[in-house]
Q: 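Here it is: the structure, laid out below.
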Number of protein chains: 2
Amino acid sequence: MTELGSSPKRKRLSYDDRRSEFVQKAIEFFAEEGFDSSTRELARRLGVTQPLLYRYFPSKDDLIAEVYETVYVQRWRADWDDMISDRSTPLRDRLIEFYTVYTEVVFQRDWMRIFLFAGLKGGDINRRYIDRVRRRILEPIVREWRNEQGIDPDALSDQEIELAWSVHGGIYYFGVRTEIYGQKPVAGLPFVIESSVDSLLIGLQRLNG
Amino acid sequence: MTELGSSPKRKRLSYDDRRSEFVQKAIEFFAEEGFDSSTRELARRLGVTQPLLYRYFPSKDDLIAEVYETVYVQRWRADWDDMISDRSTPLRDRLIEFYTVYTEVVFQRDWMRIFLFAGLKGGDINRRYIDRVRRRILEPIVREWRNEQGIDPDALSDQEIELAWSVHGGIYYFGVRTEIYGQKPVAGLPFVIESSVDSLLIGLQRLNG
DNA sequence: AATGCAAGTTATCGGATGATAATTTAATGC
DNA sequence: GCATTAAATTATCATCCGATAACTTGCATT
């Protein structure tokens, strides 16, 4: 059943179209079945033969590397930085807005599962992503708060960052519970985001009290 | 390094000793290499031949089931319930003490990695564990707080539980970052626990203000 | 010392997997 | 309409995997 039954005529796609189709389906496939799943099964779901994959990717690991690249680099939104640093609105509103759109990207089953699979596989993808979160999200947040308080934005402390990590982790774990473990949320995401943001702002205040 | 070439004399252990040795090593092995790793490699690390495993476990899945059982049932401490509910000490102290000993158990590389592998595999182990955390940890915590406030302990709300989940998740994610992703903590675990507990108590106060 | 039995090994089967080489087939340019 | 070229398939290899059966060996009992 190469062609999914209906059309016996094989489609011949251009190199680029085929390639991006492969990567896209590979994301869904590996997210659901894990990176140890076979290239044969992936090919079957694509409606093509398995050796064809090797005309587009030198090896399975190369395909996996492209999956990482596509998910984690491509889905990171450049305007997140601006949302956090836009001083025309109160910081609390900015943070609520940011985590609302951030979780729209991150709380996707494929994003989260691939992130977990990658973490267990032991490469540096997760380490690099976590570094990026700290530098592009958490440190800017703390800096914005310090600026709003009228204290030196660049004098942020380790404890302030760790506090931001706790709050960020609390929000993230909500996504893990609902998307990965299938737990029905007892209260909605908006409540979690709002109370987490408030918790962060209060915590920062207490640290600098 | 039980045999590994040097000593040609095979050790002959009793059934029970051998069995628990297999389970123990299987925990380390699967935690590090994942459940898709081969029984041959596990046997090699045990210094025995692969078919011997099948004289102790009917199938690989049965061995894996025993790994789950050993890690998640055996390592759950019965006195955790008492620690949370011991009204002879202030709730804040109780919670700090509880999360100190709880994280000593949970923040182990093998515990966390097996938990993540299991979650991605799709069984109900994680769902059951999460249910247990809610019923045996989070709900008791909120009930203790309500009792301390002189309000009906059993009238706890969804928002209170979700708040407790956020704090719990924040602490848990600290363990994931340090144990799984190898991130050096910027501030220590005691700080994270204390500020998280304070954050929870303040959050509950705000919800009932 | 001989015996019984379980602990442990050797040999092997059927199937799956990543990857390669050779072959076929559809689209494009002339 | 025909040749060219690249897309796609068929066939295949070496290896690995879970599992089973048959054989061997160490230890306790007598």
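All chains are named by letter (A, B, ...) in the order of the sequence lines, taking the proteins before the strands, and each is independently numbered beginning at 1.
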Q: Is there a side-chain polar atom (N or O) of T39(B) under 4.0 Å from OP1 or OP2 of dG18(D)?
A: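 Yes, within the criterion.
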Q: Measure the acute angle between the ring planes of H168(A) and W165(A), then classify it against the limits of 30° and 60° as parallel, tilted or perpendicular.
A: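 Perpendicular: the ring planes of H168(A) and W165(A) meet at over 60°.
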Q: Any chance you could measure E32(B), atom CD, to I114(B), atom CD1, to the nearest 0.5 Å?
A: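 Separation between the atoms: 10.0 Å.
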Q: Roughly how many Å is it from CD in E33(B) to P in dC17(D), rounded to a whole number?
A: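 Between P of dC17(D) and CD of E33(B): 12 Å.
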Q: Could you walk me through whether F22(A) and V48(A) pass the side chain to side chain contact (heavy atoms under 4.5 Å, CB included) test, one step at a time?
A: CA-CA 10 Å; F22(A) 284 179; V48(A) 301; 4.0 Å; yes
Q: Side chain of P51(A): nearest nucleotide among dT17(C), dA11(C), dA21(C)?
A: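 Of the options given, the side chain of P51(A) lies nearest dA21(C).
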Q: Check nucleotides 3-5 of chain C against the protein and report each pair of N or O atoms closer than 3.5 Å, with its distance, or say if there are none.
A:
none

Q: Between Q50(A) (CD) and dT10(D) (P), how many Å, whole number?
A: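 After rounding, the reported distance stands at 12 Å.
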Q: Is any side-chain nitrogen or oxygen of T49(B) closer than 4.0 Å to OP1 or OP2 of dG8(C)?
A: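 Answer no for this pair, as no side-chain N or O of T49(B) is under 4.0 Å from OP1 or OP2.
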Q: For I202(A), check side chain to side chain contact (heavy atoms under 4.5 Å, CB included) against everything at least two apart and list the hits.
A: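 Once residues adjacent in sequence are excluded, the partners of I202(A) under the side chain to side chain contact (heavy atoms under 4.5 Å, CB included) criterion are R206(A), I202(B), R206(B).
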Q: Go through the structure and list residues passing side chain to side chain contact (heavy atoms under 4.5 Å, CB included) with A164(A), not counting sequence neighbours.
A: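 A164(A) satisfies side chain to side chain contact (heavy atoms under 4.5 Å, CB included) with L138(A), V142(A), L200(A) only.
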Q: Starting at the 5' end of DNA chain C, which residue's closest nucleotide do you reach first, S14(B) or R40(B)?
A: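 Upstream on the strand: S14(B).
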Q: Is the distance from OP1 or OP2 of dC17(D) to the nearest side-chain N or O of S38(B) less than 4.0 Å?
A: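 So the side chain of S38(B) is within the cut-off, an N or O lying under 4.0 Å from OP1 or OP2 of dC17(D).
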Q: Nearest whole angstrom, please: distance from the C1' of dC27(D) to the CZ of R18(B).
A: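 So the two atoms are 14 Å apart, to the nearest Å.
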Q: How many Å lie between CD on E41(B) and P on dT15(D), as a whole number?
A: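 Atom-to-atom, E41(B) to dT15(D), this comes out as 18 Å.
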Q: For the pair made of CG in L53(A) and P in dA7(D), what is the distance, rounded to whole Å?
A: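 It works out to 14 Å between those atoms.
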Q: Return the set of residues passing side chain to side chain contact (heavy atoms under 4.5 Å, CB included) with E179(B) (not counting sequence neighbours), or none when no residue passes.
A: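 For E179(B) the side chain to side chain contact (heavy atoms under 4.5 Å, CB included) partners, ignoring immediate neighbours, are F107(B), R109(B), M112(B).
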Q: Would D198(A) and S195(A) count as a side-chain hydrogen bond (donor to acceptor under 3.5 Å, both in side chains) if you check the C-alpha gap in whole Å, the side-chain angles of each, and the deciding distance to 0.1 Å?
A: CA-CA 5 Å; D198(A) 286 334; S195(A) 63; over 6 Å; no
Q: Determine yes or no for a side-chain-to-main-chain donor-acceptor pair under 3.5 angstrom, with R113(B) supplying the side chain and L120(A) the backbone.
A: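 Yes: the side chain of R113(B) pairs with the backbone of L120(A).
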Q: Hey, can you pull the residues of residues 54-65 of chain A with a non-hydrogen atom under 4.0 angstrom from DNA chain C?
A: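 Heavy-atom contacts with DNA chain C come from Y54(A), S59(A), K60(A).
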Q: Nearest whole Å is fine: how far is dT23(C) P from L52(A) CG?
A: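 So the two atoms are 19 Å apart, to the nearest Å.
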Q: Take atom CG of D36(B) and atom C1' of dC17(D), then tell me their distance rounded to the nearest Å.
A: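 So the CG-C1' distance, D36(B) to dC17(D), works out to 11 Å.
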Q: Expressed as a whole number of angstroms, how long is the span from R44(A):CZ to dT9(D):P?
A: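 In whole Å, dT9(D) P and R44(A) CZ are 14 Å from each other.
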Q: Taking only residues two or more places apart in sequence or in another chain, which ones pass ring pair (Phe, Tyr, Trp, His ring centres under 6.0 Å) with F115(A)?
A: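 For F115(A) the ring pair (Phe, Tyr, Trp, His ring centres under 6.0 Å) partners, ignoring immediate neighbours, are Y72(A), W111(A), Y129(A), Y181(B).
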